[in-house]
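Below is one structure, written out as structure tokens; comments come after it.
We name chains A, B, ... by the order of the sequence lines, and we start the count at 1 in each one.
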Amino acid sequence: MSDKTSIERILAAVRAIPRGQVAGYGEVARRAGLPGRARLAARVLSENADPKLPWHRVLRSDGRIAFPEGSRGYREQSQRLRAEGVSVVKGRVRGVKAARSVEELIWGPED
DNA sequence: GTATTGACGGCTA
DNA sequence: CTAGCCGCCAATA
């Protein structure tokens, strides 16, 4: 079993995502100090039961919803995102694509 | 012990 | 734009 600290870090990284903002699984894992653990982040979210956790702000690096179109989670996530002012079309987020790196999230896609 | 799977990611064609 | 391929880690069969 993975150390709970890793789980905690991932959850913390997810909670750190500002409202109306999104991030990729790999990005979350990276911020949690666990580079390359994108799948772990996904697993954590799949197992999480915290209603206070903004899991809906986590998508794929492509800015796409991780669930298949038409799925329960798919609708749930897209709806929640829209509720935050995020434009979601065909399971894809428009405008607020997931930042590839923390620098890009802070400084923006400049340079 | 190996094989398979998954809320992944990046590169190449 | 999509499709294919490979690398990645952890859980499960």
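For the pair A:R43 CZ and C:dC9 P, the interatomic distance rounds to 16 Å; values are reported in whole Å. Separating the CZ atom of A:R57 from the C1' atom of B:dA7 is a distance of 17 Å, rounded to the nearest angstrom. If you take CG of A:L40 and P of B:dA7, they are 14 Å apart, rounded to a whole angstrom. One atom, CZ of A:R60, and another, C1' of B:dG9, lie 9 Å apart when rounded to the nearest Å. In this structure, A:I7 places its CD1 atom 12 Å from C1' of C:dA11, rounding to the nearest Å. Rounded to an integer number of Å, the gap from A:R31 CZ to B:dC8 P is 17 Å. Atom CZ of A:F67 is separated from atom P of B:dG6 by 13 Å (rounded to the nearest Å). Computed from coordinates, the A:L59 CG to B:dG9 P distance equals 9 Å when rounded to whole Å.
Taking the side-chain hydrogen bond (donor to acceptor under 3.5 Å, both in side chains) definition, one finds that A:R82 meets it with nothing, sequence neighbours left out. A:A42 pairs by the side chain to side chain contact (heavy atoms under 4.5 Å, CB included) definition with A:Y25, not counting sequence neighbours. Looking at residues two or more places apart in sequence or on another chain, you find a side chain to side chain contact (heavy atoms under 4.5 Å, CB included) between A:E76 and A:W55, A:R80. For A:R57, the side-chain hydrogen bond (donor to acceptor under 3.5 Å, both in side chains) partners two or more places apart in sequence, or in a different chain, are A:E84. Take A:S46 and apply the side chain to side chain contact (heavy atoms under 4.5 Å, CB included) test, not counting sequence neighbours, and it matches A:R43.
Listed candidates were B:dG10, B:dA7, C:dC1. Nearest to the side chain of A:R30 is B:dG10.
At a threshold of 4.0 angstrom between heavy atoms, the contacts of A:G26 are confined to the sugar-phosphate backbone, with no base atom among them. Contact annotation for A:R72: no contact, since no heavy-atom pair falls under 4.0 Å across all strands.
Note that the CG atom of A:D62 and the CZ atom of A:R92 stand 8.5 Å from one another [nearest 0.5 Å].
With C1' as the reference atom, C:dA13 and B:dG1 are 13 Å apart, rounded to whole Å. Taking atom C1' in both C:dC8 and B:dG6, the straight-line distance is 12 Å, to the nearest Å.
The shortest distance between the side-chain N/O atoms of A:S46 and the OP1/OP2 oxygens of B:dG6 is not below 4.0 Å. For C:dC1, the OP1/OP2 oxygens have no side-chain nitrogen or oxygen of A:R64 closer than 4.0 Å.
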Distances under 3.5 Å between protein N/O atoms and the N/O atoms of nucleotides 6-8 of chain C, please, pair by pair.
{"from": "C:dC8", "atom 1": "O2", "to": "A:R39", "atom 2": "NH1", "distance (Å)": "3.2"}
{"from": "C:dC8", "atom 1": "N3", "to": "A:R39", "atom 2": "NH1", "distance (Å)": "3.0"}

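Closest heavy-atom contact between A:R31 and A:I17: NH1-CG1, 4.1 Å.
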